[in-house]
Every structure is written in structure tokens, then in C-alpha cells.
Amino acid sequence: MLDIQLLRSNLPLVAERLALRGMTLNTAAFEALEAERKRLQVHTQDLQAKRNTLSKQIGMLKGKGEDASAVMAEVAGLGDALKAGEAALAELMPRFDTFLELIPNLPHESVPTGRDETGNVEILRWGTPRAIAAPRDHVDLGTALGGLDFEAGVKISGSRFTVMKGQIARLHRALTQFMLDLHTTEHGYTEVYTPYLVNPESMFGTGQLPKFEEDLFMVPRSDGSRLYLIPTAEVPVTNLVRGEILASDVLPLKFVAHTPCFRSEAGSYGKDTRGMIRQHQFDKVELVQMVRPDQSWDALEQLTGHAEAVLQKLELPYRKVALCTGDMGFSAAKTYDLEVWLPAQNTYREISSCSNFESFQARRMQARFRNEKNKPELLHTLNGSGLAVGRTLVAVLENYQNEDGSITVPAALRGYMGGTEKIGAA
RNA sequence: GGAGAGGUGGCAGAGUGGUCGAAUGUACCUGACUCGAAAUCAGGCGAUGUCGCAAGGCAUCCGUGGGUUCGAAUCCCACCCUCUCCGCCA
């Protein structure tokens with residue numbers, strides 16, 4: 001959520017920055033709502049003030065044993081106007097809030113301008129793709145090894161679900177353990193285990209609701225309430241600080257969590273239908289930071305580096321891309337994507353997304369800390385995948401494939417694989 | 001699921017219809033004392049919104065949502081959560 005004061009004081013600037021994202025801000029609608037809000041609020045609060053003053057007089061008169069009937073008659077006359085004002089405000093404010101809640105974050109000035117993903121800017125490439133003659137994709141490799149069973153996933157649940165078995169399942173688990181250990185022991189993150197089902201308030205806090213409900217799996221409950229399956233650990237972990245006022249010296253907070261992620265992928269039918277690239281359920285190791293506002297831009301570079309370290313230790317070639325204004329997510333002020341090399345697709349594919357949200361999520365969540373003046377101030381939140389485990393498995397299978405269809409286990413993972421050096425070797 | 005207790009400021013904890021946004025303690029900030037610190041003493045110290053150039057004013061907030069009343073932390077209704085005991089259970 002944007003700062004309402006910014007819209008009031010500099011609406012053209014906000015509209016201009018949002019235009020970079022391809023969004024047209026309805027400034028006339030905002031100004032009309034704002035004018036109405038101001039009129040109603042001032043009017044209503046004025047009436048409330050009158051009522052309060054008169055009611056206090058009644059209290060004092062009665063306390064002294066004097067007659068208060070004249071004042072009581074006066075305050076009774078306020079009743080209808082007051083009720084009408086309060087009702088009108090109660091009707092208007094949700095519309096006002098909704099307008100604000102549907103506005104995405106403003107892109108940081110360093111974000112490249114562009115309409116869509118073609119406007120993204122490559123920052124760097126790391127590693128050199130190994131020459132593989134006629135590379136096979138992870139579907140062929142995993143199926144042949146008996147470790148990926150897409151048909152079983154379809155039978156049990158439906159499309160976009162996969163079953164992993166044997167050494168492939170273990171490799172998947174090894175990747176998770178490796179990532180968690182790396183981030184906790186070398187990058188200073190605290191491991192957390194969180195719920196996978198969260199309430200609507202949490203989804204609102206990180207920005208998935210109200211605008212992106214169709215991307216989520218929802219679980220209705222018998223009492224009429226609802227829970228949502230998390231689409232990323234970002235939601236439960238970032239919401240740890242929702243409604244909190246933190247002491248300044250606990251910042252920065254750095255959390256890492258491994259969770260399954262659930263996405264309905266509505267609107268992506270026909271995209272990446274083959275294999276494990278786009279699933280309704282996948283595992284991810286997520287990095288989350290809560291920092292002081294003056295440190296969030298340094299933190300974004302560091303956090304991205306932590307995600308890159310995973311790829312480097314696995315010796316997987318990748319590139320780092322700065323998303324342009326038109327390709328960024330709703331809540332982000334700036335995002336770097338890490339894209340891993342997939343030989344069978346002969347291209348780089350997203351495996352991590354690292355963003356600074358500045359105060360956008362914190363304002364929705366009312367997540368604050370006490371600053372030097374001892375006043376509550378919104379903190380900044382960041383997160384990034386470190387990494388998406390399913391896609392990392394795909395990358396390992398494809399980049400470490402051998403001519404005979406076996407998979408060499410990356411050196412960094414062998415300790416997690418009981419020393420196994422090769423999967424599917426005779 | 002059943003029975004009971006409880007949810008008040010950063011924390012602890014008073015407050016059962018009228019100057020209560022809320023005693024007190026603690027934490028925190030400022031000052032005094034001190035070479036410095038601790039202790040002690042004095043003062044200050046909730047959040048959000050809104051109006052205003054400002055000084056400052058006003059509104060709202062005592063788990064949440066309704067209701068009663070001129071007036072609600074306080075009374076009524078519903079719900080949520082926490083704790084204790086019982087039942088069930090990986």
C-alpha cells in the first residue's frame with residue numbers, strides 16, 4: 001500500500017511513476033473520493049465533538065445535582081445528523097481503502113523502464129554452460145531413471161502435480177537441506193517453520209489479497225471463515241512482524257524457511273505444461289529480511305548474493321536480470337531475477353526472484369520499529385527465493401546429465417546423498 | 001468436543017455508566033548528582049486518522065463485530081483468541 005499522504009501531496013508524481021508500470025491511475029476518481037472523504041469526515045467529526053462536549057456537560061451538571069434537561073434536549077437534536085454522517089463515512093471509507101489497496105508499489109528510480117519481459121536488463125552471467133550433445137530434458141531423464149512419475153501425479157491429484165521417487169526424491173531433499181544449511185551457517189539467517197495455511201489478513205499483508213485471489217488455493221471452513229494455502233513462504237514469514245513494533249536493535253531480521261508452495265496457476269494454461277517447471281505444488285527455500293529503511297537497498301544486493309551463492313556452489317550457470325517496470329510484481333519496488341541455464345531448452349529460466357518492497361508490505365501489515373526518536377516507523381521488507389527447489393532439481397538433472405542417462409551428483413550435495421556420486425550409474 | 005478463567009498502553013497490572021486515553025509499576029527519553037557508570041532525585045513519555053502555514057485543535061482506538069445510552073474499558077448479544085482441567089488424537 002502506498003502512503004496516502006504521497007497521493008494527496010503529489011498525485012501527478014505517483015501517476016507518472018505508475019505509468020512506468022503500464023498502469024493508468026484514475027486521478028480524477030481519487031480526487032473526487034478525497035474531496036468527498038474530507039467533506040464527510042470533517043462534518044462528522046465536528047458533530048461528534050459537539051456531542052462529546054455536551055455529554056460532558058450533562059455529566060458535570062448531574063454530578064452537582066443540577067437540572068440537565070436543557071442540555072439533553074440540545075444533544076438529542078444532533079442525533080439524526082450524526083447518524084447520517086457516520087453512516088455515509090462508513091460507506092465511503094471502504095471504497096477509499098479499496099482504491100488505495102489496488103494500487104501497486106512505485107518502481108525504484110534504478111529500475112529499467114520497459115513494457116514487458118523484453119525490457120528486462122541482464123546484469124551479469126556466471127559460469128559457462130557445458131557443451132552437451134543432444135541434451136535430454138528433465139522429463140526424459142527423470143522418467144527413464146524411474147525417479148519422476150508425472151502420470152502418478154495426475155492420477156492422484158491432477159495435472160501439474162508430480163511424484164518423485166528413489167534417488168531423485170532424495171536429491172530433491174538433499175537440495176533443500178543444502179540450501180537451508182548454507183543460509184543458516186554462512187549467511188546468518190534464522191530457520192523458521194511456519195504454517196502452510198494462513199488467514200486472509202496474512203494474505204492481505206504481503207499483497208496477495210485482495211487483488212490476486214484467483215492465484216491462490218482457498219480452503220473454506222465450516223464456520224464460514226477461510227484459510228489459504230501459501231503460494232510462497234514469504235507470506236507466513238513476513239507476517240511474523242505484522243502488527244508489531246520492534247526494538248530498533250533487533251533489526252535486521254533474517255529468516256529462511258523451507259515450505260511447499262501452492263499456486264493455482266490460473267491463466268497460465270498451455271504454458272510450461274511439460275515437466276516440473278510450473279506446478280500447483282512445489283518446494284521453495286525462501287529468504288526474508290526485515291530491515292531499517294536506510295538499509296534495504298544494500299540488503300537487496302546481499303540477499304540476491306545469498307541466492308546466487310546456492311547456484312555457484314552447485315556450479316550451475318545462471319544470469320542475473322533486473323526486471324523492468326512493466327514486468328515487476330505488484331508489491332515490489334525493485335526485483336532481480338536469477339535465471340538458471342537449462343540445456344534442453346537452450347535458454348535461461350527463472351529460478352529465483354529477489355525483491356525489495358520498501359514500506360509497501362509493512363504499511364499493509366503495520367510492521368514497525370522504534371527509531372532514534374523512539375517513534376514507531378515502518379520498516380522495510382525483502383524476500384527472495386534461495387532457491388525454488390523443484391526448478392533447481394530440474395537444473396541439476398539437465399546440467400549434470402551424462403550420455404548414458406545417468407546424473408552426476410554435484411560435489412556440494414554428495415554429503416547429503418550418503419556419498420553417492422552418480423544416480424543411475426550401472 | 002465439554003467445563004472453568006481471562007483478553008486494558010513496549011511489558012506487568014488497576015479500573016463495573018459521566019473531566020478515563022485510562023492509576024501504579026517497569027521499560028524508554030531528558031536533566032541533576034558523578035571523572036564516568038550504577039543507584040537516587042526531578043521532568044517527560046500510547047497509536048492512528050484528520051484540520052491547520054504554525055502553535056495547536058478535533059475524532060477514533062481498552063480482543064473483534066453489533067446493540068443499549070445524552071454519554072460505554074465499564075451494561076447486553078455474537079464471535080475470535082489465550083490459559084487450566086476433562087475427552088479425543090499423530
Side-chain angles (χ1 to χ4, degrees), chain A residues 1-11 30-31 33-101 193 195-205 219-228 236 239-251 253 290 292 359 362-379:
Chain A
M1 204 155 72
L2 296 179
D3 184 356
I4 180 70
Q5 302 301 343
L6 185 61
L7 273 85
R8 290 199 181 116
S9 63
N10 206 338
L11 193 59
F30 176 80
E31 282 169 339
L33 273 172
E34 168 66 3
E36 181 68 357
R37 187 228 97 224
K38 192 164 180 169
R39 188 184 71 77
L40 272 175
Q41 193 168 21
V42 170
H43 175 68
T44 305
Q45 290 188 356
D46 193 49
L47 288 171
Q48 286 171 326
K50 255 185 205 140
R51 178 205 58 199
N52 290 346
T53 308
L54 292 173
S55 289
K56 274 189 181 172
Q57 279 180 27
I58 294 171
M60 287 195 295
L61 287 170
K62 289 201 167 180
K64 285 189 274 184
E66 293 174 22
D67 175 37
S69 56
V71 186
M72 287 179 75
E74 190 181 352
V75 77
L78 294 174
D80 288 347
L82 188 57
K83 277 211 172 80
E86 285 174 342
L89 254 191
E91 193 273 327
L92 177 73
M93 290 315 284
R95 284 198 285 141
F96 196 80
D97 293 340
T98 300
F99 184 89
L100 203 60
E101 287 158 9
Y193 172 87
Y196 302 155
L197 287 161
V198 301
N199 56 34
E201 291 78 9
S202 295
M203 285 295 184
F204 177 83
V219 182
R221 308 191 75 192
S222 56
D223 65 0
S225 67
R226 47 178 58 183
L227 291 173
Y228 294 90
N239 273 280
L240 286 171
V241 297
R242 172 154 56 90
E244 301 286 331
I245 301 174
L246 303 170
S248 165
D249 58 11
V250 307
L251 299 179
L253 288 171
M290 296 87 173
R292 300 172 52 94
S359 58
R363 185 171 293 107
R364 292 170 88 92
M365 290 192 297
Q366 283 302 298
R368 295 167 291 177
F369 70 102
R370 286 198 187 278
N371 63 20
E372 286 70 20
K373 294 174 189 159
N374 217 32
K375 289 291 169 192
E377 180 178 339
L378 294 171
L379 46 76

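Residue numbers start from 1 in every chain, and the chains themselves are labelled A, B, ... in the order their sequence lines are given, proteins ahead of strands. Predicted model only: the values in this text are computed from it and were never measured.
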Checking N1-N3 plus N6-O4 or O6-N4 for Watson-Crick, or N1-O2 and O6-N3 for wobble, each under 3.5 Å, the partner of B/C53 is none
So what does A/Ala76 hit on the nucleic acid, given a heavy-atom distance under 4.0 Å: a base, only sugar-phosphate, or nothing? nothing
Looking at A/Glu86 and A/Lys83, is there a salt bridge between them, counting it only when a charged N and a carboxylate O are closer than 4.0 Å?
no
A/Lys56 NZ to B/G18 P, in whole Å, measures 13 Å
Value for CZ (A/Arg51) from NZ (A/Lys56), rounded to nearest 0.5 Å, stands at 11.5 Å
If pairing means Watson-Crick or G-U wobble with both distances under 3.5 Å, then the partner of B/G36 is none
Taking a pair to mean Watson-Crick or G-U wobble geometry with both distances below 3.5 Å, B/C88 pairs with none
Partner of B/A5 under the Watson-Crick or G-U wobble criteria, both distances under 3.5 Å, comes out as B/U82
(message) With rounding to the closest Å, how many angstrom separate the P atoms on B/C76 and B/G7?
(response) 15 Å
When the P atoms of B/A39 and B/C28 are considered, how many whole Å apart are they? 9 Å
### Message
Measuring only the C1' atom in each nucleotide, how far is B/U26 from B/G4? A whole number of Å is fine.
### Response
31 Å
For B/U24, the nucleotide meeting Watson-Crick or G-U wobble distances (both under 3.5 Å) is B/A12
Rounded to whole Å, CD of A/Glu244 lies from P of B/A47 at a distance of 16 Å
Report which part of the nucleic acid A/Leu54 touches: base, sugar-phosphate, or nothing (heavy-atom distance under 4.0 Å, all strands). nothing
**Item:** Touch class at under 4.0 angstrom, heavy-atom based, for A/Arg368 against every strand present
**Value:** sugar-phosphate
With the side chain defined as heavy atoms from C-beta on, A/Gln48 is closest, among B/U60, B/C70, B/C58, to B/U60
When rounded to whole Å, the CD to P distance for the pair A/Gln41 and B/G52 reads 12 Å
Rounded to whole Å, the NZ-P distance (A/Lys38 to B/G49) equals 16 Å
(request) Using distance alone, with no hydrogens and no angle criterion, decide if A/Asn52 and A/Ser55 have a side-chain donor and acceptor under 3.5 Å apart. (result) no
inquiry  = What's the gap between B/C62 and B/C11 when it is taken at their P atoms, as a whole Å value?
reply    = 16 Å
CG (A/Asp3) and OG (A/Ser359) are apart, to the nearest 0.5 Å, by 7.0 Å
Checking N1-N3 plus N6-O4 or O6-N4 for Watson-Crick, or N1-O2 and O6-N3 for wobble, each under 3.5 Å, the partner of B/U19 is none
The nucleotide from B/C70, B/A59, B/U50 with an atom nearest the side chain of A/Arg8 is B/U50
| request: Please measure how far the C1' atom in B/U8 lies from the corresponding atom in B/G87, and state the result in whole Å. | output: 34 Å
In this structure, CD of A/Glu34 is separated from CG of A/Leu7 (nearest 0.5 Å) by 9.0 Å
Is A/Arg51 close enough to B/U60 that one of its side-chain N or O atoms is under 4.0 Å from OP1 or OP2 there?
yes
| message | Under 4.0 Å from OP1 or OP2 of B/C58: is there any side-chain N or O of A/Asn52 that close? | response | no
Using a cut-off of strictly less than 4.0 Å, decide whether A/Gln5 has a side-chain nitrogen or oxygen near OP1 or OP2 of B/U50.
-> yes
Rounded to whole Å, CD1 of A/Ile245 lies from C1' of B/G46 at a distance of 8 Å
Between A/Lys375 and A/Met72, the residue closer to the 5' end of RNA chain B by nearest nucleotide is A/Lys375
Under a 3.5 Å limit on both distances, the Watson-Crick or wobble mate of B/A42 is B/U30
note: A/His43, atom NE2; B/U50, atom P; distance rounded to Å ~ 19 Å
List the steps, then state whether side chain to side chain contact (heavy atoms under 4.5 Å, CB included) holds for A/Leu78 with A/Leu54.
CA-CA 10 Å; A/Leu78 294 174; A/Leu54 292 173; 4.0 Å; yes
Checklist line | Heavy-atom donor-acceptor pair, A/Arg364 side chain to A/Phe204 backbone, under 3.5 Å | finding: yes
For B/G71, the nucleotide meeting Watson-Crick or G-U wobble distances (both under 3.5 Å) is none
Atom CD1 of A/Ile4 and atom P of B/U50 are separated, to the nearest Å, by 7 Å
Ranking A/Gln366 and A/Lys50 by the position along RNA chain B of their nearest nucleotide, the one closer to 5' is A/Gln366
_Mind checking if A/Glu201 touches a base, just sugar-phosphate, or nothing, with heavy atoms under 4.0 Å?_
nothing
message = For the C1' atoms, the ones on B/G71 and on B/G13, what distance do you get once it is rounded to whole angstrom?
response = 27 Å
Whole-Å distance, A/Arg39 CZ to B/G49 P, equals 23 Å
_Any side-chain N or O of A/Arg37 below 4.0 angstrom from OP1/OP2 of B/A59?_
no
Rounded to the nearest 0.5 Å, the CG atom of A/Asn371 sits from the CG atom of A/Leu378 at a distance of 10.5 Å
When the C1' atoms of B/A22 and B/A14 are considered, how many whole Å apart are they?
-> 10 Å
Given the P atoms of B/G2 and B/G21, what is the spacing between them in whole Å?
-> 39 Å
